Amino acid sequence: MKGLGTDEETLTEILSTRSNEQLREIQTCYRQEYKAELEKNITSDTSEPYTGLLLALAKGKRERDSGIIDYGLIEQDSKILSDLGPKNMASSAQWITILTARSHGHLRRVFDHFKKSTSVDIEERVKKNFKGDFENGLLTLVAIIKDTPLYFADRLYNAMKGPGTSDSTLIRILISRSEVDLLSIRVAFRRKYGTSLYSSIQGETKGNYRSALLLLCRAEDI
């Protein structure tokens with residue numbers, strides 16, 4: 001958020017992929033490091049309804065996967081997401097509440113029910129109902145909920161695609177996911193792009209920097 005412009009992709013990525021506990025710790029560290037409140041800075045650097053989405057994510061109130069399937073709540077949430085309010089406008093507040101509070105397992109079932117009942121993917125409904133940063137934020141959140149390793153595989157591929165490399169993205173993802181789900185990310189990367197994450201890093205970086213990233217990546221995927 002510093003300086004001119006805001007890196008919305010990174011804001012959404014971090015707030016959407018950290019655990020409730022990590023988000024609370026981030027808020028505390030942010031306050032100590034920058035003598036400012038994360039939520040206030042988000043509010044001043046973004047605009048509604050995207051602001052509301054980020055603030056809801058930052059609170060870290062997502063339910064844990066209980067293993068219990070609540071079919072009534074699945075149907076209810078699916079209906080809320082498919083309904084249009086006055087003036088044929090979808091309620092951004094209701095979308096925010098459902099997508100930031102429910103567990104990932106529950107939401108994947110909601111998305112499946114939504115597709116069966118409307119014959120439309122949830123992403124298509126997002127694109128139809130919303131625009132701008134809010135639309136992009138919801139699409140990112142949906143991608144993470146559906147398949148977090150694939151989301152990160154796409155982020156890594158795009159960080160290395162074309163001229164130049166987004167080193168900050170490469171470093172952040174490889175370090176933050178190295179003890180979480182990096183093996184699954186490597187599998188998703190290989191499956192989608194037909195080449196390994198390891199060899200892609202080899203081709204895009206050099207020197208000690210390359211050696212460090214490859215050690216984080218750990219191994220080639222044949």
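What you see is a predicted model, and the numbers here were worked out from it, not measured in a lab.
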Are Ile69 and Leu81 connected into the same hydrophobic cluster when the rule is that any two of I, L, V, M, F, W, Y join if their side-chain heavy atoms are below 4.5 Å apart? yes

Around atom CD of Glu75, are there more than 12 heavy atoms from other residues, nucleotides or ligands closer than 6.0 Å?
no

Scanning both residues in full, the closest heavy-atom pair of Arg186 with Cys217 reads NH1-O, 3.0 Å

Requested in this report: In plain terms, say whether Glu9 and Arg155 are close enough for a salt bridge, that is, a side-chain N and a carboxylate O under 4.0 Å apart.
Outcome: yes

- With distance as the sole criterion, is a donor-acceptor pair present between the side chains of Thr12 and Ser16 under 3.5 Å? no

Do Tyr209 and Asp167 have side-chain atoms, one donor and one acceptor, less than 3.5 Å apart?
-> yes

Output for pair (Ser44 OG, Glu39 CD), nearest 0.5 Å, gives 12.0 Å

Arg64/Glu21 ion pair, N-O < 4.0 Å: yes

Regarding Lys115 and Glu124, does a basic nitrogen lie under 4.0 Å from an acidic carboxylate oxygen? no

Check your understanding: When hydrophobic residues are tied together by side-chain contacts of less than 4.5 Å, even through go-betweens, does Leu99 share a cluster with Ile144?
Key -> no

Does any donor atom in the side chain of Thr46 or Thr51 lie under 3.5 Å from an acceptor atom in the other side chain?
yes

_Checking Tyr30 against Thr28 for the side chain to side chain contact (heavy atoms under 4.5 Å, CB included) test, could you report, in this order, the C-alpha distance in whole Å, the side-chain angles of both residues, the deciding distance, and whether it holds?_
CA-CA 5 Å; Tyr30 191 97; Thr28 300; over 6 Å; no

Requested in this report: Could you walk me through whether Ile14 and Arg172 pass the side chain to side chain contact (heavy atoms under 4.5 Å, CB included) test, one step at a time?
Outcome: CA-CA 10 Å; Ile14 292 174; Arg172 182 182 64 256; 4.0 Å; yes

- Would you check if Leu73 and Arg109 make a side-chain contact, meaning some heavy-atom pair closer than 4.5 Å? no

Ignoring hydrogens and angles, tell me if any N or O in the side chain of Thr118 forms a donor-acceptor pair with the backbone of Phe114 under 3.5 Å.
yes

Discussion item. For Arg102, is there any backbone N or O sitting under 3.5 Å from a side-chain donor or acceptor partner on Arg62?
Written reply: yes

query = Does Ser178 offer a backbone N or O that forms a donor-acceptor pair with the side chain of Arg218 under 3.5 Å?
reply = yes

Review point. Between Glu37 and Asn41, is there a donor-acceptor pair closer than 3.5 Å when you use the side chain of the first and the backbone of the second?
Key: no

Query raised in the report: Can you tell me if Arg190 uses its side chain to pair, donor with acceptor, with the backbone of Asp221 under 3.5 Å?
Result: yes

task: Decide yes or no for Lys146 and His104: does some side-chain heavy atom of the first lie under 4.5 Å from some side-chain heavy atom of the second?
output: no

So CG of Leu213 and CG of Leu197: to nearest 0.5 Å the spacing works out to 9.5 Å

Query - Main-chain N/O of Thr165 paired to Glu204 side chain as donor or acceptor, under 3.5 Å - result: no

Heavy-atom closest pair (Asp7 atom, Thr10 atom, distance to 0.1 Å) is OD2-OG1, 2.7 Å

Closest heavy-atom pair, Pro149 versus Asp181, reported as atoms and distance to 0.1 Å, is CG-OD2, 4.3 Å

Decide if atom CD of Glu179 counts as having more than 12 heavy atoms of other residues, nucleotides or ligands within a radius under 6.0 Å.
no

- Message: For a 4.5 angstrom cut-off between non-hydrogen side-chain atoms, does Ile173 reach Leu182?
- Response: no

Surrounding CZ of Arg210 (heavy atoms of other residues, nucleotides or ligands, distance under 6.0 Å), is the total greater than 12? yes

One should read off an interatomic distance between Ile185 CD1 and Leu150 CG, to the nearest 0.5 angstrom, of 10.0 Å

Tightest non-hydrogen contact, residues Asp65 and Ser103, listed as OD1-OG, 2.8 Å

Value for CZ (Phe130) from CG (Leu139), rounded to nearest 0.5 Å, stands at 10.5 Å

Can you find a pair of side-chain heavy atoms, one from Arg18 and one from Leu57, that are under 4.5 Å apart? no

Q: State plainly whether the residues Lys79 and Asp83 are in salt-bridge range, i.e. N to O under 4.0 Å.
A: yes

Interatomic distance, CG@Asn136 vs CG@Leu53, rounded to 0.5 Å, equals 11.0 Å

Given Ser117 and Ser78, is the side chain to side chain contact (heavy atoms under 4.5 Å, CB included) satisfied, shown in steps?
CA-CA 8 Å; Ser117 60; Ser78 175; 3.8 Å; yes

According to a 4.5 Å side-chain heavy-atom criterion applied to Ile, Leu, Val, Met, Phe, Trp and Tyr, with indirect links allowed, do Leu107 and Ile68 form part of one hydrophobic cluster? no

Q.
With no hydrogens and no angle check, just 3.5 Å: does a side-chain donor-acceptor pair link Asp77 and His106?
A. yes

- Message: Whether the side chain of Thr6 engages the backbone of Glu8 through a donor-acceptor N/O pair (distance < 3.5 Å, no angle test) should be reported.
- Response: no

Taking the ring centre of each residue, are Trp95 and Phe134 less than 6.0 Å apart? no

When rounded to the nearest 0.5 Å, the distance separating OG1 of Thr169 from CG of Leu156 is 8.5 Å

Review point. Got Lys59 and Leu15 here, is their nearest side-chain heavy-atom distance under 4.5 Å?
Key: no

### Query
Under a 4.5 Å cut-off applied to non-hydrogen side-chain atoms, are Ser196 and Phe189 in contact?
no

message = Quick check: do Glu135 and Asn129 have side-chain heavy atoms less than 4.5 Å from each other?
response = no

Hydrophobic cluster membership, with links at side-chain heavy-atom distances under 4.5 Å among I/L/V/M/F/W/Y: are Leu23 and Tyr50 in one? yes

Review point. With the 4.5 Å side-chain cut-off for hydrophobic clustering, are Val180 and Val187 part of the same group?
Key: no

How about Met160 and Leu170: do any of their side-chain heavy atoms sit closer than 4.5 Å? yes

Q) Side chain of Lys131, backbone of Lys127: donor and acceptor closer than 3.5 Å? A) yes

*asked:* Around atom OH of Tyr34, are there more than 12 heavy atoms from other residues, nucleotides or ligands closer than 6.0 Å?
replied: no

- Is a side-chain donor or acceptor of Arg108 paired with a backbone partner of Ile145 at a separation under 3.5 angstrom? yes

query = Can you check whether Thr195's main-chain N or O pairs, donor with acceptor, with Ser199's side chain at less than 3.5 Å?
reply = no

(Q) Applying side chain to side chain contact (heavy atoms under 4.5 Å, CB included) to Leu216 and Ile171, what does each step give before you reach the verdict? (A) CA-CA 9 Å; Leu216 284 167; Ile171 293 166; over 6 Å; no

